[in-house]
Number of protein chains: 2
Amino acid sequence: MVKRSEAELDLIFHALADSTRRGILRTLADGKRTVGELANPYEMSLAAVSKHIKVLRHADLVKQTRDGRLQQCEFNPAPIKQAAETLAHLASFWDDRLSELADFLTTYTPPTGPDKE
Amino acid sequence: MVKRSEAELDLIFHALADSTRRGILRTLADGKRTVGELANPYEMSLAAVSKHIKVLRHADLVKQTRDGRLQQCEFNPAPIKQAAETLAHLASFWDDRLSELADFLTTYTPPTGPDKE
DNA sequence: TCGACATTCAATCAAATGGTTGACAAATGT
DNA sequence: ACATTTGTCAACCATTTGATTGAATGTCGA
């Protein structure tokens, strides 16, 4: 029942509309990663990946914190809920399942990645 | 379990990343509409809305058929399934609910709109 | 057949996107 | 102090997006 603005949904869906960014999110779903670790699999420059991460941050899908000279990125699933609500409402069903979804996501804690806390 | 191409997901999420297009889909979720009916609520030109619908068609979210001199637009929820699967997988849970979702969507028939069949 | 209606197409434009490179900054190691 | 590592920023470029307007297409009704 979160009051979701259309502008937020724009940011979220736009962030998801790129396979590189979805790939980053899939990696982050497994746990925290540094920007460098996230950039490694891709052919493009580090700066390009950094910009993709910035888009994800702007959509609040990724939280980033400095850890020494590393930037630790963490998946934030909360906006996914908004996206899922939108899809669910579009299909106009499933609203009973939605509360479970919301509960799960608000209590979700990502697994720890290969990095040390 | 359908293995979907990243390119398709690009199209689907991109189509969803615009509030006008989401508005059009919400209207269509209620039943068929003509291009003109869909365009009416918006300030922008008919041509602009026509192009938005084209984007939705390209993502296979809308089917369009000619009915006399009218173009009837119909919501196709199947791609929503792919988007939902992606979100579900990102949150890495929920996979048991996914089959219900898939079943629902593949058998889904939209309600009839204010137009006559 | 003529004209009104419904929609698309074509040309155009400003703004946003996604990529590059090089300069910069912050933390660490020697 | 100085160089290295890690990442961001700024400038630049090509392409795409989202909008407009006006012409073109197709269909119906008189």
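Both backbone and side-chain heavy atoms feed into the values below; hydrogens, waters and symmetry mates do not. Within every chain, numbering begins at 1; the chains are lettered A, B, ... in the order of the sequence lines, protein sequences first and strands thereafter.
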- Task: Choose from dA6(C), dT8(D), dT5(D) the nucleotide whose nearest atom is closest to any side-chain atom of R69(A).
- Result: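 Between dA6(C), dT8(D), dT5(D), the one nearest the side chain of R69(A) would be dT5(D).
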- Query: L70(A) has a side chain; which of dT6(D), dT20(C), dT20(D) sits nearest to it?
  - Reply: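 Looking only at side-chain atoms, L70(A) lies closest to dT6(D).
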- Query: Roughly how many Å is it from CG in N40(A) to P in dT5(D), rounded to a whole number?
  - Reply: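 In whole Å, dT5(D) P lies 14 Å from N40(A) CG.
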- Query: Roughly how many Å is it from CD in Q72(A) to C1' in dA27(C), rounded to a whole number?
  - Reply: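 To the nearest whole Å, that distance equals 14 Å.
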- Message: For DNA chain C, which residues of residues 13-22 of chain B approach it to below 4.0 angstrom with any heavy atom?
- Response: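 Per residue number, the list is empty: none.
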Between atom [atom1] of [X] and atom [atom2] of [Y], what is the distance when rounded to the nearest 0.5 Å?
X: C73(A); Y: L28(A); atom1: SG; atom2: CG; answer: 6.0 Å
X: Q72(A); Y: L38(A); atom1: CD; atom2: CG; answer: 9.5 Å
X: T34(B); Y: R69(B); atom1: OG1; atom2: CZ; answer: 11.5 Å
X: L56(B); Y: H58(B); atom1: CG; atom2: NE2; answer: 12.0 Å
X: K81(B); Y: I12(B); atom1: NZ; atom2: CD1; answer: 10.5 Å

- Give one of base, sugar-phosphate or nothing for L46(A), where a contact means two heavy atoms less than 4.0 Å apart.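 The answer is base, as L46(A) lies within the cut-off (heavy atoms under 4.0 Å) of a base atom.
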- Task: Name the nucleic acid region contacted by A47(A), choosing base, sugar-phosphate or nothing; use a 4.0 angstrom heavy-atom cut-off, strictly under.
- Result: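 Base, at least one base atom sits under 4.0 Å.
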- Message: Checking T20(B) now: which residues fulfil side chain to side chain contact (heavy atoms under 4.5 Å, CB included) with it, not counting sequence neighbours?
- Response: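 For T20(B), the residues satisfying side chain to side chain contact (heavy atoms under 4.5 Å, CB included) (neighbours in sequence not counted) are D18(B), I24(B), Y42(B), M44(B), H52(B).
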- Message: When the axes are fitted on five pairs at both termini, how much does the helix from dT1(C)-dA30(D) to dT30(C)-dA1(D) curve, in 10° steps?
- Response: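 Angle reported: 10°, given to the nearest ten degrees.
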- Query: What residues form a side-chain hydrogen bond (donor to acceptor under 3.5 Å, both in side chains) with N76(A), not counting sequence neighbours?
  - Reply: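 Partners of N76(A) by the side-chain hydrogen bond (donor to acceptor under 3.5 Å, both in side chains) criterion, ordered by chain and then number, come out as D60(A).
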- Item | Stretch residues 48-66 of chain B: residues that reach within less than 4.0 Å of DNA chain D through a heavy atom |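 Listed by number, they are A48(B), K51(B), H52(B), R66(B).
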- Query: Reckon S45(A) has a side-chain N or O less than 4.0 Å from the OP1 or OP2 of dT20(C)?
  - Reply: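 Looking at the OP1 and OP2 atoms of dT20(C), one of them is under 4.0 Å from a side-chain N or O of S45(A).
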- Item | Close side-chain approach of V62(A) and E74(A), heavy atoms under 4.5 Å |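 Counting from C-beta outward, V62(A) and E74(A) never come under 4.5 Å.
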- Query: Would you say the side chain of V35(B) lies within less than 4.5 Å of the side chain of L70(B), judging by non-hydrogen atoms?
  - Reply: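 No, their side chains stay 4.5 Å or more apart.
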- Salt bridge between E6(A) and R26(B), side-chain N to carboxylate O under 4.0 Å?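 Looking at E6(A) and R26(B), the cut-off is met.
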- Item | Selection residues 48-57 of chain B - residue pairs positive for salt bridge (Lys or Arg N to Asp or Glu O under 4.0 Å), sequence neighbours left out |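 Those involving residues 48-57 of chain B do not exist here.
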